[in-house]
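Predicted model only: the values in this text are computed from it and were never measured. All values below were derived from every heavy atom in this structure, side-chain atoms included, with hydrogens, water molecules and symmetry-related copies excluded.
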Amino acid sequence: MGYNICVREKIDNIINGRVGKLIDGFFNSQFYPYVAAAVSIFAHCLDLPVLGVFLHAILLCVSFVFCKNTLVIVPFALLCPFVMSENTMPALGYYNTPFRISSLVLCLAFAVAAFSFNLIYYGKWKVIFKKAYLTVSLSLMSGALVLGGLFSEDFCLTGVLISLAIAVCVFLPYSMLVNSTEYKGKGSVKYFANISVAAAITVGTFILQQYCLHDFVTDPVAVKGFLKLGAVGPNTGAAIMLIALPMTFYLIYVYKYGFLYYILLVAEVFAMIMTYSRAALVVAIPGTVLVSFILCFKNKTGKLGYWITSGILMSVALALTLTYKETVVKTVLSLFEEGSDSGRIELWAVGFENWKKHPIFGLGMWFLPRHGNWYYSFHCTPLTYLYSGGLVGFIAYAYHRYKTVRLVFTAKLNSKRVFLALAVLATLLNALLDLGMTNPFHLLYYSTMIGLIECDARAVSGAGDNTAVNKSNDTAATPRENSEGL
């Protein structure tokens with residue numbers, strides 16, 4: 001017993017010492033997401049994914065040891081998959097060598113050991129699965145998918161396993177963030193905003209690389225053919241940048257010289273246009289214009305700079321549109337011409353006809369691949385829950401949507417929750433025409449955002465175990481928001 005106490009004291013001295021505090025400060029800083037992004041860009045562009053995973057694993061393990069704040073895991077979760085390039089995908093057999101496999105297994109072993117240390121040393125294992133506001137609705141939604149296809153001829157173990165994987169991706173990050181994050185009000189939301197921006201820069205770099213390699217081809221069909229970004233395709237890449245837009249707006253809103261982020265926001269929109277992703281563009285372009293207009297009246301920090309910057313950039317955009325109006329019109333029309341739905345309408349019709357045979361539990365998550373489709377989603381989240389999970393799945397999904405809306409308004413609104421809610425809304429609107437909440441990337445973003453929304457609602461309303469700390473941090477960090485309430 002005395003030996004264990006001695007070991008604990010030595011660990012405490014290391015973690016709470018000067019070096020330990022510096023390490024903790026780095027991983028909790030706004031700088032760390034960009035370091036993680038730089039690692040992914042380096043590994044991706046040079047086709048060195050194993051080295052990229054190794055560097056990410058080092059960062060992750062160190063953060064697990066020295067950081068109590070669960071939020072520091074998010075940069076790894078959202079940025080590490082980008083180390084893969086289109087030339088190093090698993091399907092190509094790139095990792096089928098003893099050295100590469102053993103390297104990845106070693107990284108995984110160290111990550112699991114460091115994660116276990118984090119759970120035990122900081123006592124998180126006691127709370128990470130504690131019931132939170134959305135626990136029941138997420139459980140019902142996940143359970144409905146697992147049961148999807150029950151009594152159908154397409155019900156199979158593969159579909160059940162996919163449903164369980166979806167449940168883990170959406171439930172585990174949410175539960176951990178809500179129950180074990182050191183929520184610091186504006187600081188935590190800025191941290192996630194910078195992660196989103198770092199991910200958008202990463203995707204944008206890959207898009208630029210591909211266009212340079214293909215002489216900036218402008219044909220939408222050709223673009224879709226070569227715009228492979230390793231871990232994601234053009235549509236998912238555009239969806240990641242779509243989520244970054246509201247969070248970039250948040251940085252514009254909170255910083256004194258935030259209007260400079262408007263340049264980055266325009267670059268994000270331009271990169272999305274270059275993906276020719278209709279699902280993202282129909283949300284991004286009108287949404288960007290609307291929020292830009294609203295901030296002209298709501299933004300109180302650096303308002304003059306915001307007006308000047310937005311005015312100049314909008315004037316440049318208008319001038320370019322008028323100068324190249326024929327190209328612009330042709331490109332826009334090509335997105336909505338016959339066949340531009342990429343088979344979605346036909347897919348929905350097939351789903352409806354087969355769903356009528358099994359309306360209660362649906363067709364299961366493996367119906368589409370068994371019938372020749374490349375993916376298990378119907379490219380529309382509500383229809384996926386209806387067709388794959390039946391009426392049971394659709395009702396569970398609708399109930400979860402109701403609970404998330406209530407969560408946003410459960411405490412007095414502030415800018416943090418508004419911009420997070422806008423990011424969630426952008427995700428859900430995109431999910432009406434895309435993979436949505438059956439794609440790991442979408443799910444990790446979604447669970448992180450709803451987790452932060454709940455953390456903020458708890459801090460403002462005075463609920464939760466850490467309420468006193470959260471409220472004091474929030475008040476100290478955001479006096480302007482407390483007074484204006486956005």
[X] side, atom [atom1]; [Y] side, atom [atom2] - distance, nearest 0.5 Å:
X	Y	atom1	atom2	answer
Cys455	Ile450	SG	CD1	11.0 Å
Leu428	Thr404	CG	OG1	7.0 Å
Asn87	His44	CG	NE2	8.5 Å
Ile120	Phe115	CD1	CZ	10.5 Å
Ile273	Met241	CD1	CE	10.5 Å
Ile240	Leu245	CD1	CG	12.5 Å

Just wondering, more than 12 heavy atoms not from [X] lying within 6.0 Å of its [atom1]?
X	atom1	answer
Phe110	CZ	no
Phe293	CZ	no
Lys68	NZ	no
Phe54	CZ	no

[X] vs [Y] aromatic rings, parallel, tilted or perpendicular, using cut-offs 30° and 60°?
X	Y	result
Tyr32	Phe27	perpendicular
His379	Tyr375	perpendicular
Phe76	His56	perpendicular

Side chains of [X] and [Y], heavy atoms from C-beta outward: is any pair under 4.5 Å?
X	Y	value
Ile166	Leu145	yes
Val189	Asp456	no
Pro382	Leu432	yes
Cys296	Trp307	yes
Ile252	Phe249	yes
Ser63	Leu60	yes
Tyr376	Ile162	yes
Tyr95	Pro49	yes

Side-chain donor/acceptor of [X] to backbone N/O of [Y], under 3.5 Å:
X	Y	result
Thr135	Lys131	no
Ser29	Phe31	yes
Thr236	Val232	no
Thr70	Ser180	yes
Asn16	Asp12	yes
Thr202	Ile41	no
Tyr121	Phe66	no
Ser142	Leu138	yes
Thr381	Met437	yes
Thr275	Met272	yes

With Lys416 as the cation and Tyr250 as the aromatic partner, state whether NZ or CZ is under 6.0 Å from the six-membered ring centre and within 45° of the axis.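 Because its charged atom misses either the 6.0 Å distance or the 45° angle limit, Lys416 does not stack over Tyr250.
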Relative to Tyr94, does Arg100 satisfy both conditions: NZ or CZ under 6.0 angstrom from the six-membered ring centre, and within 45 degrees of the ring's axis? yes
Would you say the ring centroid of Tyr385 lies under 6.0 angstrom from that of Phe394?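 No; Phe394 has its ring centre 6.0 Å or more from that of Tyr385.
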Distance flag, aromatic centroids of Tyr262 and Tyr306, threshold under 6.0 Å: yes
Taking every non-hydrogen atom, the tightest pair across [X] and [Y]:
X	Y	result
Gly52	Ala43	CA-CB, 3.6 Å
Leu281	Pro286	O-CD, 3.8 Å
Ser188	Leu71	O-CD2, 3.8 Å
Leu104	Val53	CD2-CG1, 3.9 Å
Ser447	Pro173	OG-CB, 3.3 Å
Thr288	Val269	OG1-CG2, 3.9 Å

Could you walk me through whether Arg401 and Ser137 pass side-chain contact (heavy atoms from CB on, under 4.5 Å), step by step? CA-CA 9 Å; Arg401 287 276 64 83; Ser137 66; over 6 Å; no
So, using side-chain hydrogen bond (donor to acceptor under 3.5 Å, both in side chains) as the criterion, who are the partners of Asn194 when residues are at least two apart? Gln30, Tyr34
Side chains of Thr88 and Ser85 only: does a donor on one sit below 3.5 Å from an acceptor on the other?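 The criterion, which ignores hydrogens and geometry beyond distance, is satisfied for Ser85 and Thr88.
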Using a distance-only test with no angle check, is there a side-chain donor-acceptor pair under 3.5 angstrom linking Asn28 and Asn69? yes
Could you walk me through whether Tyr133 and Val178 pass the side-chain contact (heavy atoms from CB on, under 4.5 Å) check? CA-CA 9 Å; Tyr133 185 81; Val178 170; over 6 Å; no
Among residues two or more places apart or on two chains, list those pairs meeting ring pair (Phe, Tyr, Trp, His ring centres under 6.0 Å) that have a residue in residues 435-455.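 Matches after skipping sequence neighbours: Phe82-Phe441, His400-Tyr446.
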Show every side-chain hydrogen bond (donor to acceptor under 3.5 Å, both in side chains) that has at least one partner inside residues 102-116, sequence neighbours left out. none
What's the verdict on side-chain contact (heavy atoms from CB on, under 4.5 Å) for Tyr399 and Lys403, showing C-alpha distance, side-chain angles and the deciding distance? CA-CA 6 Å; Tyr399 176 66; Lys403 294 291 286 185; 3.7 Å; yes
side-chain contact (heavy atoms from CB on, under 4.5 Å), that's the test. Do Phe117 and Val112 meet it? Break it down for me. CA-CA 9 Å; Phe117 171 84; Val112 170; over 6 Å; no
